[in-house]
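Everything below concerns the one structure shown next.
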Amino acid sequence: MPHLHDRPVRQIRAGARIALVTDRADWHSRELTRAFAALGARAAQVALPACAIETGRPSGLAIPGFADGVPDAVVVRSMSGGSFEAVTLRLGILHALRELGVTVWNDARAIERCVDKSMTSFLLTRAGIATPPTWVTEQHAAAQAIVRRELAEGPLVLKPLFGSQGRGLKLIRTADDLPAPADVAGVYYLQRYVAVERDGFRDFRLLVSQGRVVAAMARQATSWITNVKQGGRPMAVVAGNELNELALRAAATVGADFAGVDILYGADGRPTVLEVNSMPAWSGLQKVARARIASILAGDLIAALATRARRGATV
């Protein structure tokens, strides 16, 4: 099957076909669909559970809406949960698309690194990026021992290994606060609690695309959980060089083409990366951002396709 860069640059600009991976037709997918249409591209919403591997086809894949082949690019907006086998297949399809030369934002490797918070923590620490100390274990007794040992330095936060939007967070002040293994899907992901109350709680979300910060906000809340979905209030902010550089390094470390990076200033006055999201929502951020975020993301992807096509044409 021909690779994407075999197509002329003018074709890429005029009629790129984008598979928008989403588990539902939400505000974000509608925004992206309109943004791509404004650039002359066609975005078709695709649910990964409806895709399949079929080795008898030229591409080896069956992608709804792309019967004659595969899309020019894929944007992964959201992925639904499922069994280990189902999720493995869905990620395998994204891996296969990349192997076929399709531009995938974000690709399966970046998604795997971010969805698994333990791997995000591991990679950030290995890269020398400030992030809270983290402990991850499957053993309830080991988790209790960690809590008893580390509480001398302050409380810990228990997070779902897979989770988003501030759901399922729990402050751990004693070993008795740890839930049973069945309540945490058998994995204890513990981080040092680093939030500091300063007239409430505040952290920052920076949206990175193609190596630059395109939008930022502060999130203010009365609780230490500042996510907008949990009641946090988005506030316009101009992020300085310190935050911008940290967000860019974090996104690059996980290999994300675009990402939402959450950063908090700790008690020592230094910024630390809490999380890197490879499928970030931006409805709260859009409320305080001047530019249309979907238009920026769509424009960056089309520009990347055109650049790739030009490079291929010179080979």
Side-chain angles (χ1 to χ4, degrees), residues 1 4 12 15-39 41-54 57 59-116 162-165 207-210 251 254-260 276-283 286 293-305 308:
M1 176 184 169
L4 168 67
I12 296 294
R17 300 185 307 157
I18 314 298
L20 180 56
V21 173
T22 180
D23 52 7
R24 65 185 186 279
D26 63 359
W27 175 86
H28 294 85
S29 60
R30 292 192 296 271
E31 283 280 289
L32 284 170
T33 298
R34 285 192 289 265
F36 279 119
L39 295 172
R42 180 178 67 84
Q45 294 181 22
V46 173
L48 281 179
C51 300
I53 290 177
E54 295 185 9
R57 290 174 177 259
S59 68
L61 297 174
I63 310 295
F66 299 91
D68 57 339
V70 294
D72 297 310
V74 176
V75 176
V76 184
R77 166 62 205 112
S78 62
M79 288 178 58
S80 56
S83 68
F84 178 78
E85 291 83 357
V87 172
T88 298
L89 173 59
R90 294 167 198 170
L91 289 170
I93 289 169
L94 296 180
H95 279 299
L97 285 162
R98 186 172 183 236
E99 291 295 321
L100 291 169
V102 176
T103 295
V104 182
W105 283 14
N106 284 302
D107 67 21
R109 191 175 182 188
I111 292 172
E112 290 164 349
R113 289 171 166 181
C114 292
V115 169
D116 176 0
F162 307 144
S164 62
Q165 299 179 341
L207 191 67
V208 174
S209 178
Q210 285 294 86
V254 299
D257 292 290
F258 69 96
V276 184
N277 194 323
S278 62
M279 294 177 282
W282 64 85
S283 57
Q286 186 62 79
I293 293 171
S295 296
I296 293 172
L297 298 178
D300 283 352
L301 179 61
I302 296 300
L305 291 179
R308 184 173 177 178

* Does Leu94 reach the side chain of Leu48, with side-chain heavy atoms less than 4.5 Å apart? -> yes

* Asked: If you round to the nearest 0.5 Å, how far is CG of Asp26 from OG of Ser78?
  -> 6.0 Å

* To do: May I ask you to test the Ser283-Glu31 pair for a side-chain heavy-atom distance under 4.5 Å?
  => no

* **Least distance between heavy atoms, Ala19 atom then Val46 atom** => CB-CG2, 4.1 Å

* What residues form a salt bridge (charged side-chain N to carboxylate O under 4.0 Å, His left out) with Arg42, not counting sequence neighbours? -> none

* **Taking every non-hydrogen atom, the tightest pair across Leu91 and Ala108** => O-CB, 3.6 Å

* Structure fact -> Closest non-hydrogen contact found for Leu20 with Arg77 is CD1-CB, 4.0 Å

* Asked: Does Ala298 have any side-chain contact (heavy atoms from CB on, under 4.5 Å) partners at least two apart in sequence or in another chain, and if so, which?
  -> Ala35, Phe36, Leu39

* Any idea which heavy atoms bring Pro49 and Ser80 closest together, and the distance? -> CG-OG, 3.9 Å

* With a 4.5 Å heavy-atom cut-off, do Val254 and Ser278 have their side chains touching? -> no

* Structure fact -> Taken in chain and number order and not counting sequence neighbours, the residues that satisfy salt bridge (charged side-chain N to carboxylate O under 4.0 Å, His left out) with Asp107 are Arg98

* Search all heavy atoms of Ala25 against all heavy atoms of Gln45 and return the closest pair with its distance. => CB-OE1, 3.4 Å

* To do: Could you tell me whether a side-chain N or O of Thr103 sits under 3.5 Å from a main-chain N or O of Ala73, the two making a donor and an acceptor?
  => no

* Asked: Can you name the closest pair of heavy atoms from Val276 and Ala259 and give their distance?
  -> CG1-CB, 4.0 Å

* Asked: What residues, two or more places apart in sequence or in another chain, satisfy side-chain contact (heavy atoms from CB on, under 4.5 Å) together with Ile53?
  -> Thr55, Leu61, Leu89, Ile93

* Within a strict 4.5 Å, meaning less than it, do heavy atoms of the Asp116 and Phe162 side chains meet? -> yes

* Quick one: pull up CG in Leu32 and CZ in Arg30 and give me the separation to the nearest 0.5 Å. => 11.5 Å

* When you measure from the side chain of Asp257 to the backbone N and O of Trp105, does any donor-acceptor pair fall under 3.5 Å? -> no

* Asked: By salt bridge (charged side-chain N to carboxylate O under 4.0 Å, His left out), which residues pair with Glu112, not counting sequence neighbours?
  -> none

* Under 3.5 Å, side chain of Asp72 to main-chain N/O of Arg17, donor-acceptor pair present? -> yes

* To do: List in chain and number order the residues that pass salt bridge (charged side-chain N to carboxylate O under 4.0 Å, His left out) with Glu85, two or more places apart in sequence or in another chain; answer none if no residue qualifies.
  => none

* Asked: Quick one: are Phe258 and Asp300 in side-chain contact, heavy atoms under 4.5 Å?
  -> no

* Asked: How many angstroms lie between OG1 in Thr22 and CZ in Arg24, if you round to the nearest 0.5 Å?
  -> 6.5 Å

* Please round to the nearest 0.5 Å and tell me the distance separating atom CD1 of Ile111 and atom CZ of Arg90. => 12.0 Å

